[in-house]
Structure formats: C-alpha cells, structure tokens
Amino acid sequence: MTQQPSDPIVSIWILGDQLLAEHPALAAAEGIAGDRARVRVLLVQSLARTRRLPYQRKKLVLLFSAMRHYADELRARGYGVDYVKAENFSAALRTHLATWRPAHLLTMAASSYAGRQFQARLGERFGLRALVLPNTQFLVGRYNPIPDPAPDKQYVMEYFYRDMRRAFDVLMDGDAPVGGQWNYDKENRRPLLKAQQPPADAHFAPDALTREVMDEFAAWAPGVGSVADFGYGVTRRQALAAFDDFIAHRLADFGPYEDAMTERSHSLYHSVLSPYLNLGLLEPLELIRAAERAYHEGRAPLNSVEGFVRQILGWREFMYWQYWRQAPGMVEKNAWGAQRPLPDFFWTGATEMACLRHALTRALETGYNHHIERLMLLSNFLMLGGVNPAAANDWFLSVYVDAYDWVMAPNVIGMGLNADGGLTATKPYVAAANYINKMSDHCAGCRFDPKQRHGTRACPFNFLYWNFLLEHEEKLRANLRLGRNVLGLRYLDDAERAAVRAQAQAFLSAECGMAPKTARSAEWRRRRRGVRSAE
Ligand code: FAD
C-alpha cells in the first residue's frame with residue numbers, strides 16, 4: 001500500500017556518518033510506529049555543511065555515495081526514505097516535517113559536539129517529540145569502564161587500553177593478557193626490507209550510482225584532490241570485503257611494519273578501514289573479534305593482532321573519549337603558543353623534502369596517509385615549525401577521507417601538536433631526520449642530507465628540531481619523557497646554536513610567511529574565519 005502524507009508516522013533523521021546496518025533508531029521507530037511502513041527515514045546532503053571547508057573531493061564522493069547506497073538498502077528493506085539535497089539541515093528537516101507531520105522524530109546522538117547541540121534543540125525548534133538515542137558507534141560510549149579523572153589530570157592511553165581489554169574481554173586469559181604482555185611495541189618497529197613489496201589494499205570499481213556522485217563533485221569548488229581513480233568501498237558489503245582482504249593479506253605483517261614508511265606502497269600493511277569505521281559501515285567490535293579469531297586460529301601472530309586491536313580498542317576509543325572529555329573548545333587549545341600559518345606547500349605537495357612531498361601528494365590525491373606519515377612526518381613538521389594548531393586541524397579535516405571533528409581534534413591538537421597541555425599525549429612527538437631515515441626509504445632520493453644539522457644540504461627536519469629544543473628548552477626539560485632529547489643540546493656549541501636558529505628562522509619565514517602565496521591558501525584562510533555550526 002502506498003504511504004500517504006496523512007498517515008501518523010515516526011521519522012528518523014540518520015546522519016551521514018551513522019550508516020549502521022542496525023541503526024538503533026530503526027528498531028526504536030518501528031517499536032513506536034508498530035509497522036515499518038509507517039517509519040520515514042530522512043538523509044540530508046547539506047550544501048552549507050559541504051561548503052564549510054575545501055574538502056577532499058574523494059571524501060565527498062565516499063560520503064554521499066555511501067549515503068545514497070544506504071538509502072537504497074533501507075528502501076529494499078521496506079522503509080520509506082527521503083534522500084534530500086538542501087541548503088542546510090534545518091531547511092531539509094522543515095520540509096520533511098511539514099510533508100509527513102510525524103508524531104516523533106528520532107535521531108542517534110551525533111559524534112560531534114556541534115551536532116549534539118543542534119540535536120538537543122530539535123524538539124523545541126520544530127515543535128514535536130524529538131528523541132536522541134545513545135550513540136552505538138563507539139564501545140566507550142556503550143559501556144564506559146574508565147574512571148573520571150580530574151579535568152587537568154592525565155589518563156594515559158596505555159591504562160585506558162588495558163581497562164578496555166578487561167571490560168570487553170579482548171585477548172585476555174582470565175585476568176592476564178594473552179601471551180603475558182599488554183603490548184609488543186618492541187617487536188613492532190621495523191623498517192621495510194629492501195626487496196619487500198606489501199600487497200595493495202582493496203580497490204572497488206565505481207558503480208553507476210558512485211559515478212553519478214563523481215560527476216557531481218568532479219568540479220566542486222572549493223575542494224582538494226580529484227574524483228579520478230576513486231576506489232573506496234561505498235557499501236557495508238564492500239567494507240567487509242576490504243576487511244577480509246586485510247585479514248587475509250596484511251594483518252600478519254601489520255605489527256612489525258606499522259611504523260615503517262616507504263615510497264613503494266600506498267598503505268604498507270595498514271588496514272585502510274578508518275573510512276568505513278567512521279561512516280558506520282563497519283563496527284569496532286566485529287573487527288576486534290575477527291582479528292582475535294585470526295590469532296587463535298594461527299592465521300596471524302600475537303604482535304600483529306595485539307597491535308591492530310590496540311589501534312581500534314585503544315587509540316580510536318581513547319581519542320573519542322578525549323574528544324568528549326575536552327569538548328567544547330579543544331580546537332582552540334595552543335599550549336605551545338604556535339602562531340605560524342600553514343605552509344602553502346601543504347596544498348600542493350611542492351616541496352624539495354622527499355618525505356613530505358610523498359606524503360602530501362598522496363594525501364591530496366587519495367585522501368589517505370597511514371598513521372606514522374600523519375604523525376611523524378606531517379604533524380612533526382608542523383609542531384617543529386610552530387604552526388597554529390587550529391590551522392593545522394582544519395587542513396587535516398579538509399584533506400583526509402576519514403576526517404570528522406571527533407577524531408581530528410584529539411589527533412591533531414592532542415597527539416600531533418601536543419597543544420592540549422599533554423592530556424592526550426604525555427610528550428610532543430618530535431623527531432629529527434635520523435628517525436625518518438631509519439624508518440623510511442625517503443632520504444635516499446632526497447636532495448637534503450639527513451646527517452647534517454645545518455648548511456645548504458641539511459635536512460630541514462634537523463635544524464627545525466634543534467631550533468625547537470632551543471626555543472622550548474626549559475619547558476622540555478620539565479617533561480620526564482623528553483629530558484633525554486634536551487640533553488643532546490650539550491653537543492651544540494654557541495656557533496652551532498646560532499647557525500641552527502638562523503637557518504630555521506629563514507626557512508620558516510620563507511615557507512610559513514604571513515601572506516598566502518596561492519589562491520588555495522588565501523581562499524582557505526578566508527573560510528577559516530567563517531562561523532562554525534552543525535548545519
Ligand atoms: P590502521 O593503522 O590499519 O589502524 C586500524 C584502525 O585503528 C584505523 O582504521 C582507525 O580506525 C583506528 N585508529 C588507529 N589509530 C587511531 C587514532 N589515533 N585515532 C583514531 N583511530 C585510530 N584517524 C581517522 O580515523 N580520521 C582522521 O581524520 C585522522 N586524522 C589523523 C591526524 C593526525 C595528525 C594523526 C596523528 C592521526 C590521525 N588519525 C585519524 C589516526 C590514524 O592515523 C588513522 O586512523 C589511520 O591512519 C587510518 O588508517 P588505517 O585505517 O590504515 O589504520
């Protein structure tokens with residue numbers, strides 16, 4: 001029977017990053033309406049939200065194609081679905097509510113602070129019963145075993161992770177960790193061998209619906225990257241296939257090489273699952289249990305399985321927890337007083353530094369870098385260069401396919417730039433060229449020398465690193481985990497200190513000058529001044 005606008009119905013507004021097969025509002029709405037045919041689902045493509053930053057075009061294709069496929073899947077399951085393109089979320093809701101006049105509007109709590117503020121006012125704003133259900137996309141949101149530390153107290157990831165392992169009984173042998181150790185980091189810091197070629201990650205040919213979205217965003221302005229070679233999965237079925245491919249071909253070597261960097265492979269042995277997890281196409285516990293099974297069935301060693309589980313049950317959940325612990329205002333934190341603008345080459349990849357050129361080009365083309373590229377190349381450079389954390393945060397938000405507010409602030413402001421006063425990470429992740437040379441093959445083809453501290457061939461990571469230690473010597477000395485790095489300063493005499501400082505200043509004024517050099521960064525800075533809202 002065709003549904004009429006006059007039928008009393010229950011509406012569900014499903015947010016774009018909540019594409020859960022078992023979205024809790026579906027069951028709840030059916031319970032209230034008594035019949036699936038009287039449930040109406042709304043999915044909104046908001047123009048205002050899409051224009052907030054110059055987003056990665058592949059991310060827009062991923063998001064909107066996944067939403068449209070999800071809408072089709074719900075229709076196939078018997079739900080009435082409105083997929084609406086609107087100026088903003090309010091306009092879409094207003095039209096939807098005027099058309100269907102539902103008795104209730106159900107949503108699931110947004111992962112972002114601004115989103116939840118918007119949801120909290122829905123009932124009052126639209127004059128109906130609005131119900132916001134708890135978010136089920138994060139384990140720490142479902143059951144929180146973590147103590148409530150005082151606002152200024154650190155609660156380190158390692159203890160958080162152990163609490164989560166115990167609470168969800170993951171890789172446990174009674175009260176003890178399987179294998180007798182909580183972590184295998186010591187086995188997991190290898191560079192790639194010379195002839196080693198990691199298998200490629202999964203690629204999915206776009207179907208007609210995805211090609212339609214690619215056409216829509218091919219020339220989208222503002223935006224970075226291109227829609228060409230789009231190969232991300234856009235359905236739960238494809239996301240599961242990507243996960244199976246990871247388990248079969250890369251999980252076993254994930255651990256040893258998780259910190260390695262190379263020009264020979266896009267993602268090494270990493271899973272490239274964050275785009276799907278963050279959209280709700282995959283759920284954390286199903287990945288954790290499957291990885292555990294792979295260990296128990298002898299398909300992957302413990303150091304790799306524990307390393308992978310740590311990423312999802314540890315880091316991902318910890319970041320979500322930190323985001324809410326520090327919300328709102330985390331993005332404005334700037335504990336190191338860093339004020340320089342983002343270098344223009346972050347928008348083009350045009351730099352002589354081979355490591356940054358590789359990582360930036362890949363990020364702009366594909367919307368992906370693996371963790372160590374994000375942390376020890378890009379964030380490390382921005383931290384050493386004193387780049388403003390909010391500006392850096394917006395760049396990461398713009399460029400990556402897996403970027404959302406909840407994951408960006410703790411990773412960039414907290415972990416990458418240590419701008420939250422050390423609540424997320426107990427030390428700034430800074431390193432000179434030696435680390436990059438040891439863990440990657442970038443330096444071999446680079447015009448800079450990783451061994452020189454200053455001079456025309458010196459790698460900028462070196463003079464920026466020593467300049468950073470000199471600038472912040474007192475503060476760094478107070479940090480137990482960095483005291484040893486500061487001790488290295490005793491090998492620099494006055495002349496070398498002056499040379500390092502002068503070269504760092506000259507480099508930073510050339511690369512992070514106050515006047516934007518390209519139209520892209522001028523446009524981007526203009527947008528950053530715009531007001532943020534959930535719309
Ligand atoms: P794998 O290495 O295979 O790890 C498995 C999964 O663990 C990932 O898919 C991811 O869901 C989870 N994970 C691991 N570390 C983290 C972490 N620190 N925070 C959250 N989840 C984690 N992650 C995002 O999902 N979106 C981002 O926009 C993002 N931006 C980052 C920016 C910076 C500066 C840094 C330092 C890290 C960022 N991360 C982000 C975390 C991490 O780098 C990515 O989750 C990871 O690189 C995704 O690739 P993968 O799926 O191959 O991960």
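What you see is a predicted model, and the numbers here were worked out from it, not measured in a lab.
- Salt bridge annotation for R453-E496: present, with a cationic side-chain nitrogen under 4.0 angstrom from a carboxylate oxygen.
- Among residues two or more places apart in sequence or in another chain, the side-chain hydrogen bond (donor to acceptor under 3.5 Å, both in side chains) test is passed with T426 by R481.
- Between the side chain of W395 and the backbone N or O of L397, no donor-acceptor pair lies under 3.5 Å.
- Residue H270 is tested with F246, F308, F254 for a ring-ring contact (aromatic ring centres under 6.0 Å, His included); the sole match is F254.
- Using a 4.5 Å heavy-atom cutoff, the side chains of V407 and Y323 are not in contact.
- Salt-bridge annotation for E474 and R477: absent, with no side-chain N of the basic residue lying under 4.0 Å from a carboxylate O of the acidic one.
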Requested in this report: Before giving the answer on side chain to side chain contact (heavy atoms under 4.5 Å, CB included), spell out for D245 and R250 the whole-Å C-alpha distance, their side-chain angles and the decisive distance to 0.1 Å.
Outcome: CA-CA 8 Å; D245 180 73; R250 302 195 300 287; 2.9 Å; yes
Requested in this report: Evaluate the side-chain hydrogen bond (donor to acceptor under 3.5 Å, both in side chains) criterion for residues D17 and S111: first the C-alpha distance (whole Å), next the side-chain angles of each, then the deciding distance (0.1 Å), finally the verdict.
Outcome: CA-CA 9 Å; D17 63 348; S111 57; 3.2 Å; yes
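- A donor-acceptor pair under 3.5 Å is absent between the side-chain atoms of Q503 and the main chain of F463, judged by distance alone.
- Residues H249 and P199 have side chains in contact (heavy-atom distance under 4.5 Å, counting atoms from C-beta outward).
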Query raised in the report: Where do F318 and V140 land on the side chain to side chain contact (heavy atoms under 4.5 Å, CB included) test, with the steps shown first?
Result: CA-CA 8 Å; F318 183 65; V140 74; over 6 Å; no
Requested in this report: For N380 and Y465, run side-chain hydrogen bond (donor to acceptor under 3.5 Å, both in side chains): C-alpha distance rounded to whole Å, both residues' side-chain angles, the deciding distance at 0.1 Å, then the answer.
Outcome: CA-CA 9 Å; N380 182 18; Y465 173 80; over 6 Å; no
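- Taken from CZ in F168 to CG in D163, the straight-line distance is 11.0 Å, to the nearest 0.5 Å.
- Looking at heavy atoms from C-beta onward, V401 lies out of side-chain contact with Y55 at the 4.5 angstrom threshold.
- Side-chain atoms of Y320 and R316 form no donor-acceptor pair, as typed in the model, at a separation below 3.5 Å.
- Between N369 and L360 there is no side-chain heavy-atom pair separated by less than 4.5 Å.
- Between atom CD of residue E471 and atom CZ of residue R501 there is a gap of 6.5 Å, rounded to the nearest 0.5 Å.
- Between the R357 side chain and the G349 main chain, no donor and acceptor come within less than 3.5 Å of each other.
- Counted by atom type alone, Y257 and R189 present zero donor-acceptor pairs between their side chains at under 3.5 Å.
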Requested in this report: Start with the C-alpha distance between E283 and Y276, add both sets of side-chain angles, then the distance that settles side-chain hydrogen bond (donor to acceptor under 3.5 Å, both in side chains), and finish with yes or no.
Outcome: CA-CA 9 Å; E283 297 203 45; Y276 312 127; over 6 Å; no
Query raised in the report: Y161 and W315: side chain to side chain contact (heavy atoms under 4.5 Å, CB included), yes or no, with the steps?
Result: CA-CA 8 Å; Y161 168 63; W315 282 111; over 6 Å; no
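- Judged by distance alone, with hydrogens and angles left aside, the side-chain atoms of E306 form no donor-acceptor pair with the main-chain N or O of N303 at under 3.5 Å.
- When only modelled atom types and interatomic distance are considered, D420 and T424 share a side-chain donor-acceptor pair under 3.5 Å.
- More than 12 non-hydrogen atoms from other residues, nucleotides or ligands lie less than 6.0 angstrom from NZ of K475.
- A 4.5 Å side-chain heavy-atom check between F448 and P460 finds at least one atom pair inside the cut-off.
- Taking the side-chain contact (heavy atoms from CB on, under 4.5 Å) definition, one finds that N418 meets it with W336, M383, A425, P428, sequence neighbours left out.
- Between D148 and R325, no side-chain nitrogen of the basic residue sits less than 4.0 Å from a carboxylate oxygen of the acidic one, so the salt-bridge criterion is not met.
- Here the options are E258, E317, E158, the test is salt bridge (Lys or Arg N to Asp or Glu O under 4.0 Å), and the partner is R310; only E158 passes.
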Requested in this report: Check step by step if side chain to side chain contact (heavy atoms under 4.5 Å, CB included) holds for H358 and M261.
Outcome: CA-CA 10 Å; H358 175 81; M261 295 175 278; over 6 Å; no
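- L417 and A392 make their closest contact through CD1-CB, 3.7 Å (heavy atoms, listed as atom of the first residue, atom of the second, distance).
- The two atoms that bring N462 and P450 nearest to each other are ND2-O, 2.8 Å, heavy atoms only.
- Centroid-to-centroid, the aromatic rings of F381 and F345 come within less than 6.0 Å.
- Distance alone, capped at 3.5 Å, is enough to place a donor-acceptor pair between the Q181 side chain and the N183 backbone.
- Listed for the R165 side chain is a donor-acceptor partner under 3.5 Å among the backbone atoms of V170.
- For D494, the CG atom sits in a loose shell: 12 or fewer heavy atoms of surrounding residues, nucleotides or ligands are nearer than 6.0 Å.
- With hydrogens and angles ignored, the 3.5 Å screen pairs no side-chain donor or acceptor of R340 with any backbone N or O of C512.
- Within a 6.0 Å sphere centred on CG of D229, other residues, nucleotides and ligands contribute 12 heavy atoms or fewer.
- Distance alone, capped at 3.5 Å, places no donor-acceptor pair between the R264 side chain and the Q197 backbone.
- Here the CD1 atom belonging to I312 is positioned 5.5 Å from the CD1 atom belonging to I288, to the nearest 0.5 angstrom.
- Legend: residues meeting ring pair (Phe, Tyr, Trp, His ring centres under 6.0 Å) with Y155, ordered by chain and number and at least two apart, are W321.
- Relative to the six-membered ring of Y368, K59 misses at least one condition, a distance below 6.0 Å or an angle of at most 45° to the axis.
- Between the CG atom in D175 and the CG atom in D169 there is a gap of 10.0 Å [rounded to 0.5 Å].
- Judged purely by atom type and a 3.5 angstrom limit, K58 uses its side chain to pair as donor or acceptor with the backbone of A228.
- Side-chain atoms of W182 and P177, non-hydrogen and from C-beta on, do get closer than 4.5 Å to each other.
- R362 and H266 form a side-chain donor-acceptor contact under 3.5 Å, judged by distance and modelled atom types alone.
- Taking a cutoff of 4.0 Å between a charged side-chain nitrogen and a carboxylate oxygen, D402 and R374 qualify as a salt bridge.
- With rounding to the nearest 0.5 angstrom, the SG atom of C459 is 11.5 Å from the CD atom of E352.
- Counted by atom type alone, R497 and N467 present zero donor-acceptor pairs between their side chains at under 3.5 Å.
- Annotation: side chain of L313 is in contact with side chain of L139 (closest heavy-atom distance under 4.5 Å).
- In this structure, K451 and N437 have side chains that are in contact, with non-hydrogen atoms separated by less than 4.5 Å.
- The closest donor-acceptor contact from the side chain of Q56 to the backbone of L364 lies under 3.5 Å.
- At a cut-off of 3.5 Å, with distance as the only test, no side-chain donor of D253 or S304 sits close to an acceptor on the other residue.
- Side-chain atoms of Q326 and Y113 include no donor-acceptor pair closer than 3.5 Å.
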